[in-house]
Number of protein chains: 2
Amino acid sequence: MLPDKFRLQIPGPTPIPPGVQQAMAQPMIGHRDPDCSRMVVDLSRRLGPVFGTKEPVLIFTSSGTAALEAAAVNTLAPGEEAAVVVSGAFGDRFAKILERYGITLHRLDVPWGEACQPEILADFLRKHPQVKAVFLTYCETSTGVLHPIGELATVIRQETEALVIVDGVSCIGGVESRFDEWGLDILVTGSQKALMLPPGLAFAAVSERAWQVIENNPQPRFYLDFKTYRTNLEKETTPYTPAVSLLFGLTEVLQMIETEGFTQVIERHDLMMRMTRAGIRGMGLTLMTSDSDASPTVTSILGGNDWSSEDLRKELRRLSFRVAGGQQHLKGKIFRIGHMGYCDPVDVLSTIATIEVAAKRINAPVRLGAGIQAAEEELIHAPSLNH
Amino acid sequence: MLPDKFRLQIPGPTPIPPGVQQAMAQPMIGHRDPDCSRMVVDLSRRLGPVFGTKEPVLIFTSSGTAALEAAAVNTLAPGEEAAVVVSGAFGDRFAKILERYGITLHRLDVPWGEACQPEILADFLRKHPQVKAVFLTYCETSTGVLHPIGELATVIRQETEALVIVDGVSCIGGVESRFDEWGLDILVTGSQKALMLPPGLAFAAVSERAWQVIENNPQPRFYLDFKTYRTNLEKETTPYTPAVSLLFGLTEVLQMIETEGFTQVIERHDLMMRMTRAGIRGMGLTLMTSDSDASPTVTSILGGNDWSSEDLRKELRRLSFRVAGGQQHLKGKIFRIGHMGYCDPVDVLSTIATIEVAAKRINAPVRLGAGIQAAEEELIHAPSLNH
């Protein structure tokens, strides 16, 4: 195989489009330069449709985790109560952040690989009427579950006055998001997933209701203080030096999304999910999640009794494909395919075909050709091809 | 003038070398990939000589300000006492961060444009024997002063048990730094200054003495928790997804520094400072700082009574040069030239010559040709040219 040709099919970081690479290579500019001001204002507005909000979106120079922490420290003070829905490693990270800051935590554990049912959350919130915020994960990256955020937000609004705070890191930009319509209060994501950028930027949409809490929250914070970003954005700048090259890249990313059309972007991700799932099922391997709980951006597949998902990953690596393993107690038990961002149905075809080859080579019980045929069928009948 | 050809002579962000741009455009890799592990370990070690430490240097995905905040929240708890030397906007930022976190602050204000004298700091510390940490700025970006960090650290060690915490954002990579030898405890910097990268990474060297304080400090922190970065570095990884493309770039930056030789890098910055200062003096404008207090990375020049530094900046911009203005109460009163990172003596010659042109055009009282001649003399007699 070509040693430097590889396919990055992990659930982030994801491949960078050539046009975005070129955009990021523009000559550096000063962060207080008028050109930078124009870019910051433009980006914060053009991110709105991707989040489903009319409000400008805040931009941070950080990993996604810093934005999760920001959502917590901007809205809650020590001793206040919060609920967290934990269905994987990233719900668990929300819980760890809240514990670190002395928030009284009510943890709703959902089996890993399943979505949270709205009625179960409603019951849970009735038992904890004091919660000031409910923390949800839109796509749980560690399992490939997409939680029904719109429905969950509805029951939260029905049952409580709590803020609805959502980790959208591994899906925003690849799935529908109706921040304003669903009544979300904070929705954060990172740059290195469906948004096709290198890691290093994080984003947050914030509701007017959340701003009222944020303004009055005594929890000390500095770099992650949302207020500072809002007041600086009003002055058409950022409080601290932002990752300018990534902002150059984001400008091109949003141009790409607008050119394709965001509805088509969402359809493409949905199609890639269906192709991946049909392919995995067709070859005889076992999907971790049900069709109704599955994420359009990442798919988890269970290892078998007589073959190891880690051996499959190694074999795929030899064949130029990089897929992810399991996290925490799923380590060595699943593998995960990312299909988001700069990824299209042909990438899924080659992924499925190569998984068949790799699985056969490690003697996993797969039906050669059956998986790729099922994936092809999904593509042949894709409604988006008949537009 | 060519509309897209401009010279970025501000004190950061600084221009990106073409080889670094190319390195950053490498195909994305996963942050848990063995290739990324090797890179993280390699970088944290190779940064050591630039800081002057044998310890691995921690790498953060953030602006430099987050690293300033990290230095504070990792070492101090609310109610504890700290001293801050404030001689400009960035010393002031340290103070603001500490105040935000409820630290009892003893502020030693030094006139903007002057370095802190060791004996004055010694006197000050004798009055405040309870301070647990002293916060210093190595190069005060807002004025172009380089504080004598080695001497200041010596008096701090003589007078107190306090940690010595240093903001090195606008000079590390361009000046001498002897972290271990000087007895510093934390030294932070950012990527977008002398280190020739886009903004988005920050770095911290941490002493063994500091680690003992950090381990026991109850102040809650998550994304900025130094401990998490150390334990993950021991496992050859990072706690959260790092800005991978900037790490690619940093690998090339360190290669460039090692090829030139760090001693030569320091000499080059020193020469650029001397050329800039000779040029400014020669043309008849007034430097803000004395020779002994001047930074090798940034030079501040006072505006005049009958001409405005902002008009000069505008004229320089028309002539393709971007220089910085003053911050806080110096706004409109000074302009600042950055001469660090991917910048060489010929860049300084063109900067000085163009300042003569711009100054003449706005009728500032300059002696045309006298500045550039003085700068040329410095270059002609540069010891580094006779190596």
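Protein chains get the first letters and strands the later ones, always in sequence-line order, with residue 1 at the start of each.
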Cross-interface N/O pairs, chain A with chain B, donor-acceptor, under 3.5 angstrom:
residue, atom, partner, partner atom, Å
A:Gln21, NE2, B:Ala25, O, 3.1
A:Gln21, NE2, B:Gln26, O, 3.4
A:Ala25, O, B:Gln21, NE2, 3.1
A:Gln26, O, B:Gln21, NE2, 3.4
A:Asp33, OD1, B:Arg317, NH2, 3.1
A:Asp33, OD2, B:Arg317, NH1, 2.8
A:Asp33, OD2, B:Arg317, NH2, 3.4
A:Asp33, OD2, B:Arg322, NH1, 3.3
A:Ser63, N, B:Tyr223, OH, 2.9
A:Ser63, OG, B:Tyr223, OH, 3.0
A:Ser63, OG, B:Thr241, O, 2.7
A:Glu69, OE1, B:Tyr223, N, 2.6
A:Arg100, NH1, B:Arg221, O, 2.7
A:Arg100, NH1, B:Asp225, OD2, 3.3
A:Arg221, O, B:Arg100, NH1, 2.7
A:Tyr223, N, B:Glu69, OE1, 2.6
A:Tyr223, OH, B:Ser63, N, 2.9
A:Tyr223, OH, B:Ser63, OG, 3.0
A:Asp225, OD2, B:Arg100, NH1, 3.3
A:Thr241, O, B:Ser63, OG, 2.7
A:Arg317, NH1, B:Asp33, OD2, 2.8
A:Arg317, NH2, B:Asp33, OD1, 3.1
A:Arg317, NH2, B:Asp33, OD2, 3.3
A:Arg322, NH1, B:Asp33, OD2, 3.3

Query raised in the report: Contact part of B:Ile29 toward chain A, heavy-atom cut-off under 4.5 Å: side chain, backbone, both or neither?
Result: both
Query raised in the report: Excluding sequence neighbours, so at least two apart, what forms ring pair (Phe, Tyr, Trp, His ring centres under 6.0 Å) with A:Phe90?
Result: none
**Report entry** pair B:Met28-A:Pro13: side-chain heavy atoms closer than 4.5 Å
**Finding:** yes
Query - Segment of A:Phe60 engaging chain B (4.5 angstrom heavy-atom cut-off) - result: neither
Query raised in the report: Where on A:Leu197 is there a heavy atom nearer than 4.5 Å to chain B: the side chain, the backbone, both, or neither?
Result: neither
Query raised in the report: Among B:Ala66, B:Pro27, B:Gly64, who wins on heavy-atom pairs under 4.5 Å with chain A?
Result: B:Ala66
Report task. Name the member of A:Pro199, A:Gly200, A:Gly325 that forms the most heavy-atom pairs with chain B at distances under 4.5 Å. Result -> A:Pro199
Query raised in the report: Side chains of A:Val73 and B:Phe222: closer than 4.5 Å at any heavy-atom pair?
Result: no
**Report entry** Per-residue contact mode, A:Pro242 against chain B (heavy atom under 4.5 angstrom)
**Finding:** backbone
Query - chain A contact via B:Pro239 - side chain, backbone, both or neither, heavy atoms under 4.5 Å - result: backbone
Query - Proximity breakdown for B:Leu8 and chain A, heavy-atom pairs closer than 4.5 Å - result: side chain
